[in-house]
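Down below is the structure, laid out as structure tokens.
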2 protein chains.
Amino acid sequence: MMVSTKGRYALTVMVDLARSSGDGFVSLADIAERENLSMKYLESIISILNKGGMLQSLRGKNGGYRLARDPAEYSVNEILLLTEGTLAPVNCIMQDGVQCEKAATCSTLPLWAGLDKVIESYLSRITLEDIITGNRRKMLGEYCSSCEV
Amino acid sequence: MMVSTKGRYALTVMVDLARSSGDGFVSLADIAERENLSMKYLESIISILNKGGMLQSLRGKNGGYRLARDPAEYSVNEILLLTEGTLAPVNCIMQDGVQCEKAATCSTLPLWAGLDKVIESYLSRITLEDIITGNRRKMLGEYCSSCEV
DNA sequence: ACTTATTCCTACCTTGATGGTAGGATTTAC
DNA sequence: GTAAATCCTACCATCAAGGTAGGAATAAGT
């Protein structure tokens with residue numbers, strides 16, 4: 001599994017916040033209840049998003065979180081990258097360009113590098129806006145039967 | 001990590017065998033030495049490939065394994081699918097179409113479904129033949145700087 | 001000033017998959 | 001008959017995943 005619950009829940013939280021974009025601060029308790037997820041666990045996840053500069057937060061009563069930017073300006077890629085650390089489909093691809101010692105002679109490396117790029121390319125194209133507007137054509141592309149007109 | 005060592009080593013073994021395609025049976029000891037991998041571990045992996053009908057084997061002295069088909073007729077996708085069980089990037093996508101109970105209302109599901117399809121599409125396009133001939137254009141596509149003429 | 005609701009921080013814990021290892025039984029070529 | 005292979009079953013250590021727990025700091029409203 002390339003994306004764990006951490007990354008999935010992070011995206012869920014971001015989508016939830018994107019829907020309330022412009023409505024001020026939203027409490028974690030509200031998000032957890034709406035999404036039916038453990039508030040305690042979400043706490044640790046939203047903390048990563050917050051420290052990564054994706055959110056603005058307000059402590060104390062009536063506090064909460066809100067997006068720091070417009071939903072269209074968040075790619076799914078950056079959200080997952082922040083929470084998961086890496087999205088590489090295999091261990092031999094490192095996110096910062098560091099490579100395995102056998103890299104020079106490894107015949108399967110181009111395959112893994114190509115796969116990594118395909119994934120990154122796809123996830124970079126999709127934004128929070130696409131998700132909340134349900135842009136199925138962009139997400140499912142040629143595979144989307146219900147996109148056909 | 002979507003692909004573990006099991007799948008990676010399986011591919012390595014298949015590529016190794018593809019290089020010896022037509023030369024008769026190759027022993028696991030030879031493969032393990034060439035690829036510098038634990039023979040005992042490879043044993044459990046090649047057993048999956050063999051039972052999955054990807055190989056032909058011969059027991060006893062001078063025995064070993066060989067490909068059951070032409071290298072061009074193995075997609076990376078089927079090799080990884082057999083050894084890994086699933087290549088889905090998230091838990092909420094099942095390989096047999098079974099879905100999460102929240103699927104009907106889940107706004108992020110189309111994203112994960114799209115990602116899954118992009119990955120499957122890529123891995124289905126690449127064959128063992130592409131890997132042993134080093135078809136970088138096919139593997140790295142638009143991202144391959146050394147492919148530019 | 002007090003209460004309440006919230007974020008923030010640190011520590012802990014359980015479970016299952018990953019990545020192997022070990023030992024021997026069986027089969028086949030020479 | 002022997003050596004060299006595959007085949008089969010069992011075992012095991014480590015680590016990440018997926019949380020839980022408890023409390024400190026902060027801010028709004030009264």
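So that the names make sense, note that chain A is the first sequence line, chain B the second, and so on, each numbered from 1.
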Without decimals, in angstroms, what is the distance between I45(A) CD1 and dA16(D) C1'? 14 Å
If I take atom NZ in residue K6(A) and atom C1' in nucleotide dC15(D), what distance separates them, rounded to the nearest angstrom? 14 Å
Between R66(B) (CZ) and dT6(D) (P), how many Å, whole number? 14 Å
Atom OH of Y41(A) to atom P of dA16(D): distance rounded to whole Å? 14 Å
Less than 3.5 Å apart, which donor and acceptor atoms pair up between the side chains of residues 12-20 of chain B and the rest of the protein, not counting sequence neighbours?
from: T12(B); atom 1: OG1; to: R8(B); atom 2: O; distance (Å): 3.0
from: D16(B); atom 1: OD1; to: R34(B); atom 2: NE; distance (Å): 3.4
from: D16(B); atom 1: OD1; to: R34(B); atom 2: NH2; distance (Å): 2.8
from: D16(B); atom 1: OD2; to: R34(B); atom 2: NE; distance (Å): 2.9
from: R19(B); atom 1: NH2; to: S107(A); atom 2: OG; distance (Å): 3.1

Side chain to side chain, M2(A) and E84(A), heavy atoms closer than 4.5 Å: no
Quick one: what's the B/S/- string for nucleotides 5-16 of chain C, heavy-atom cutoff under 4.0 Å, read 5' to 3'? BBBBB-------
Side-chain N or O of Y9(A) less than 4.0 angstrom from OP1 or OP2 on dG19(D)? yes
Expressed as a whole number of angstroms, how long is the span from I48(A):CD1 to dG18(D):C1'? 12 Å
Residues in side-chain hydrogen bond (donor to acceptor under 3.5 Å, both in side chains) with Q56(B), at least two apart? R66(B)
Partner residues of T5(A) under the side-chain hydrogen bond (donor to acceptor under 3.5 Å, both in side chains) criterion, sequence neighbours left out: Y41(A)
Based on the rotation axes of five pairs at each end, what angle does the helix from dA1(C)-dT30(D) to dC30(C)-dG1(D) bend through, to 10°? 20°
How far apart are the closest heavy atoms of F25(A) and N62(A), and which atoms are they? CB-O, 4.4 Å
So, D130(B) side chain and T127(B) main chain: donor-acceptor pair closer than 3.5 Å or not? yes
If I take atom CE in residue M2(B) and atom C1' in nucleotide dA17(C), what distance separates them, rounded to the nearest angstrom? 17 Å
Distance check needed: dT21(C) C1' versus L42(B) CG, whole Å only. 13 Å
Any chain of hydrophobic side-chain contacts (each under 4.5 Å) joining L42(B) to L58(B)? no
Value in whole Å for how far the C1' atom of dG20(C) lies from CG of N36(B): 15 Å
Is there a side-chain contact between W112(A) and L11(B) in this structure, where contact means two heavy atoms from C-beta onward sitting under 4.5 Å apart? yes
List the residues meeting side-chain hydrogen bond (donor to acceptor under 3.5 Å, both in side chains) with K6(A), not counting sequence neighbours, and say none if there are none. none
Looking at dG19(C), I'd like to know if its phosphate oxygens (OP1 or OP2) sit under 4.0 Å from a side-chain N or O belonging to S4(B). yes
